[in-house]
Amino acid sequence: MDTINEEILKLLQSHFAVLNEKALQEEIAKVGYMMHFKAGEVIMDFGSYVKLVPLLIKGSIKVVRESEDRDGEIFLYFLKTGETCSMSFSCCMMDKQSDIRTTAEDDTTLIGVPVKYIDQWMMKYPSWKNFVMRSYDSRMHELIHTIDSIAFQKLDERLLGYLRQKAAATQSKIILTTHQHIADDLNASREAISRLLKNLEKTKNIKLGRNKIELL
DNA sequence: ACATTAAGTGATT
DNA sequence: AATCACTTAATGT
């Protein structure tokens, strides 16, 4: 069990440069799991217990909040390469159920670290602590951003922002999705999204196709 | 050719 | 802006 996984070691060095302590890298390489998810796969569902912290190597992960009663869900943010899910830190330290659902947006590769280590590493490795704090910080900012986009922005601005984020997460100007999916993510009706997309096409921001949106 | 699914439209609240 | 009721268009079998 305690052999160092060379593949993980390499990936850490290339994707998580901030975790620069050799001993830490080696520990992760010992206890981490390489995991792969296909596009669209649910990684962690609402209500499940979190027992792994993900370090994202490749692909991107969509994080959404589920509403308890109605079947609504709200898109929160995308996780990209080199990032981690700070929600999972708090969830697993408290041993609480997940408030969110994460799905693979693309084919995704990550290193799963069992939660029992994340706490003890905080004391042991300054770079780990730093990494955890930094991801909290950046996630807080993103959350605040999405909160006020919901509170203050009009739907069309949110839509454009969503498309941009999706393009960034996916590293491509071409987004493959349906109007219905977008509507679900933004908690809006399909018709509204269709109409707004039409406007964006007219104003030359995007180009529409079936199951396809191209950013210009 | 036919059925299914995505997208567009207009009216109503 | 949501919902409904429909139409039109694209795609798979």
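Just so we're on the same page: letters track the sequence lines, and every chain starts at 1.
The distance from atom CD1 of A/Ile175 to atom P of B/dA6 is 18 Å, rounded to the nearest whole Å. Per the geometry, CD belonging to A/Glu191 stands 11 Å off P belonging to B/dG8, to the nearest Å. As rounded to whole Å, 15 Å separates atom P of C/dT7 from atom CZ of A/Arg190. Following rounding to the nearest Å, A/Leu208 (CG) and C/dT8 (C1') show an atom-to-atom distance of 15 Å. Summarising the geometry, the separation between CG on A/Leu176 and P on B/dA7 is reported as 11 Å, rounded to the nearest angstrom. Rounding to whole angstrom units, NZ of residue A/Lys202 and P of B/dA7 are separated by 17 Å. Across the protein-nucleic acid pair, A/Ile193 atom CD1 and C/dA1 atom P stand 9 Å apart, rounded to whole Å. Rounded to whole Å, the distance from CD1 on A/Ile182 to P on B/dA6 is 13 Å.
Between A/Ser194 and the phosphate of B/dA7, there is no side-chain N or O to OP1/OP2 separation shorter than 4.0 Å. In terms of phosphate contacts, A/Lys198 brings a side-chain nitrogen or oxygen within less than 4.0 Å of OP1 or OP2 of B/dT9. For A/His179 and B/dG8, the shortest distance from a side-chain N or O to OP1 or OP2 is below 4.0 Å.
Classification of the A/Phe75-A/Phe78 ring pair by plane angle, with boundaries at 30° and 60°, yields tilted.
You'll find that the side chain of A/Thr178 is closest to B/dA6, out of C/dA1, C/dT3, B/dA6.
For the pair A/Arg195 and A/His181, nearest-nucleotide mapping onto DNA chain B gives the more 5' position to A/His181.
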Residues A/Glu21, A/Lys124; criterion salt bridge (Lys or Arg N to Asp or Glu O under 4.0 Å); working and verdict: CA-CA 10 Å; A/Glu21 287 156 292; A/Lys124 227 163 141 189; over 6 Å; no
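Remark: the backbone N or O of A/Leu55 is not paired with any side-chain donor or acceptor of A/Thr84 at under 3.5 angstrom. A/Thr170 contributes no side-chain N or O that, together with a main-chain N or O of A/Ser172, makes up a donor-acceptor pair within less than 3.5 Å.
One donor-acceptor pair, N or O on each side, does fall under 3.5 Å between the base of B/dT5 and the side chain of A/Arg210.
Within the 4.5 Å cutoff, side-chain heavy atoms of A/Val63 are placed close to those of A/Thr102.
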